[in-house]
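Below is one structure, written out as structure tokens; the observations come after it.
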Protein chains: 2
Amino acid sequence: MALVDQIRASILNGESGPGTVLSQTDLAAAHGVSRIPVRDALQALAAEKIVEILPGKGARVITLSADELDEIFDLRTLLECDLLRRATALADAKAHAEAEYMLQKSSLEAERPGWHAGDWDFHRTLYLPAGRPRQLSIVEELRTSCVVHAAGYAGLASETQQWLEDHRRMVQAYVNGAADEACKLLHSHIIAARNALTSVAM
Amino acid sequence: MALVDQIRASILNGESGPGTVLSQTDLAAAHGVSRIPVRDALQALAAEKIVEILPGKGARVITLSADELDEIFDLRTLLECDLLRRATALADAKAHAEAEYMLQKSSLEAERPGWHAGDWDFHRTLYLPAGRPRQLSIVEELRTSCVVHAAGYAGLASETQQWLEDHRRMVQAYVNGAADEACKLLHSHIIAARNALTSVAM
DNA sequence: TGTCGTATACGCGTATACATATTTAAGCGG
DNA sequence: CCGCTTAAATATGTATACGCGTATACGACA
């Protein structure tokens with residue numbers, strides 16, 4: 001496992017929460033490497049907008065304000081709905097089967113540690129037929145930024161059943177080629193995620 | 001001027017075109033520094049999607065396919081129109097004055113080296129009242145990726161007068177609060193940019 | 001007692017040096 | 001003459017070392 005993945009994981013699982021100062025020296029010692037690869041990893045994470053680097057003063061895990069979270073969720077709505085619309089129009093039988101499979105898979109992973117990854121796997125599978133790798137990577141980045149703040153709050157479980165129901169209905173619209181319906185469901189799905197996050201993080 | 005800015009400038013002005021291999025050793029020697037800051041700069045540029053790093057094999061300036069350019073321009077349309085719509089609704093008299101000023105300024109810079117920067121200054125000024133810094137930075141990144149391929153082709157001048165006319169009409173709709181009209185203009189403006197770029201780059 | 005100045009320590013930025021992987025070219029064989 | 005193997009050269013990845021800035025803590029002074 002690459003160094004950058006280890007550090008990212010420690011942030012996303014809540015081990016290093018928002019605002020945590022990440023010392024190059026400490027990280028180097030902890031992972032048994034020199035500071036150079038640590039610097040590379042931190043800069044890569046800065047590129048993902050997971051940490052921010054204050055020149056000469058080190059790196060820290062990002063802290064998002066309510067406004068910034070609003071912007072991120074608005075962007076997600078804009079970009080993910082566009083992806084879903086394109087994907088719904090282009091998805092073939094194989095894509096439909098993949099979506100059904102990921103729906104089952106994510107249902108099993110719900111409420112378990114690392115459900116974020118499973119949720120993203122599900123959504124990404126839906127978006128994949130759109131053929132928009134860059135848009136997909138931007139969305140992934142935005143989602144990851146949210147996870148930084150969602151980590152440690154596994155207590156979103158109360159909403160889990162509703163989320164799974166959303167997913168089911170989304171797949172139904174997806175396989176039926178009902179793009180408008182699918183986007184409508186996704187829209188409210190993302191808004192619900194925003195409300196759930198802000199209710200626990202603010 | 002920071003090292004990363006120097007290297008970025010050499011790419012954006014066409015000095016290092018798409019596909020150019022960027023040697024750490026050469027860049028270090030050329031700028032009179034060691035390879036460590038060069039590595040940092042290259043990774044920062046990779047984060048901006050201007051260069052791609054092939055592990056163990058060095059860095060090269062990105063080369064975008066027609067599909068990737070299509071995706072970028074679709075994303076720009078989606079994100080910039082959303083920004084303009086929000087900004088039009090929120091812009092006050094001061095913002096209107098700023099827009100008028102930038103219109104004049106970008107008109108003077110047209111057809112001159114570095115007109116990309118002036119064009120972006122103009123558009124950014126329009127978008128600023130939307131209060132969406134992250135969305136703005138994503139758009140800037142997408143635009144910069146395009147400039148990598150547009151650099152060296154100053155010959156887009158044939159379209160310059162049309163572009164300036166687009167800008168004028170856009171500002172007019174902007175100050176009148178006509179969001180739909182402004183977005184419609186911007187939409188065709190971006191599509192025209194895409195056609196101009198693909199006609200010279202492909 | 002509070003505040004400012006100084007000294008010490010800690011951490012980042014960078015240069016140098018070494019290890020490893022890739023590329024290239026030369027040499028050998030078919 | 002072409003292709004494969006091998007070895008030297010070159011470039012990247014990483015470790016170590018040093019210079020510099022910043023932060024903190026202690027002490028002097030108001």
Side-chain angles (χ1 to χ4, degrees), chain A residues 1-65 137 141 144-145 148, chain B residues 1-65 137 141 144-145 148:
Chain A
M1 192 181 188
L3 180 62
V4 56
D5 296 322
Q6 292 184 35
I7 300 177
R8 188 193 301 108
S10 77
I11 295 172
L12 296 186
N13 70 14
E15 194 174 320
S16 304
T20 303
V21 173
L22 300 172
S23 158
Q24 294 180 9
T25 309
D26 293 349
L27 287 173
H31 294 87
V33 294
S34 94
R35 281 172 43 225
I36 305 293
V38 171
R39 284 174 59 81
D40 287 355
L42 288 177
Q43 196 157 359
L45 294 175
E48 298 176 26
K49 305 286 171 60
I50 292 176
V51 309
E52 56 186 350
I53 293 179
L54 303 88
K57 293 173 53 175
R60 69 172 56 183
V61 180
I62 56 164
T63 304
L64 297 173
S65 68
S137 77
E141 196 173 287
T144 305
S145 287
V148 171
Chain B
M1 193 182 188
L3 179 61
V4 56
D5 296 322
Q6 292 184 36
I7 300 176
R8 189 194 299 109
S10 77
I11 295 172
L12 296 186
N13 70 16
E15 195 175 318
S16 304
T20 304
V21 174
L22 300 173
S23 158
Q24 293 180 10
T25 309
D26 294 349
L27 287 174
H31 294 86
V33 295
S34 91
R35 281 172 42 223
I36 305 293
V38 172
R39 283 174 59 81
D40 287 354
L42 288 177
Q43 196 157 357
L45 294 175
E48 298 176 27
K49 304 286 172 63
I50 291 176
V51 308
E52 55 186 351
I53 293 178
L54 303 89
K57 293 171 55 175
R60 68 172 57 182
V61 180
I62 55 163
T63 304
L64 297 173
S65 68
S137 76
E141 198 173 288
T144 305
S145 288
V148 171

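From a predicted model like this one, the values you see are computed outputs, not experimental measurements.
Of the residues in residues 28-50 of chain A, A:V33, A:S34, A:R35, A:I36, A:P37 come within less than 4.0 Å of DNA chain D through at least one heavy atom, sorted by number.
Side-chain contact between A:L64 and A:P18 is absent, with no heavy-atom pair separated by less than 4.5 Å. Counting heavy atoms from C-beta outward, A:R8 and A:E48 have side chains that approach closer than 4.5 Å. Contact annotation: the side chain of B:E141 never approaches that of B:T144 to less than 4.5 Å [non-hydrogen atoms, C-beta and beyond]. The shortest side-chain heavy-atom distance between A:I7 and A:H31 falls under the 4.5 Å cut-off. Side-chain contact between A:D40 and B:D40 is present, with at least one heavy-atom pair separated by less than 4.5 Å.
Partners of A:R60 by salt bridge (Lys or Arg N to Asp or Glu O under 4.0 Å), not counting sequence neighbours: none found.
Here the closest heavy-atom approach between residue B:V148 and residue B:I50 is recorded as CG2-CG2, 4.0 Å. When all heavy atoms are compared, the tightest approach of B:V38 to B:L27 is CG1-CB, 3.8 Å.
Using a 4.0 Å cutoff to heavy atoms of chain B, the contacted part of DNA chain D runs 5' to 3' from D:dA11 to D:dT14.
Mapping A:K57 and B:A59 onto DNA chain D by nearest heavy atom places B:A59 at the nucleotide closer to the 5' end.
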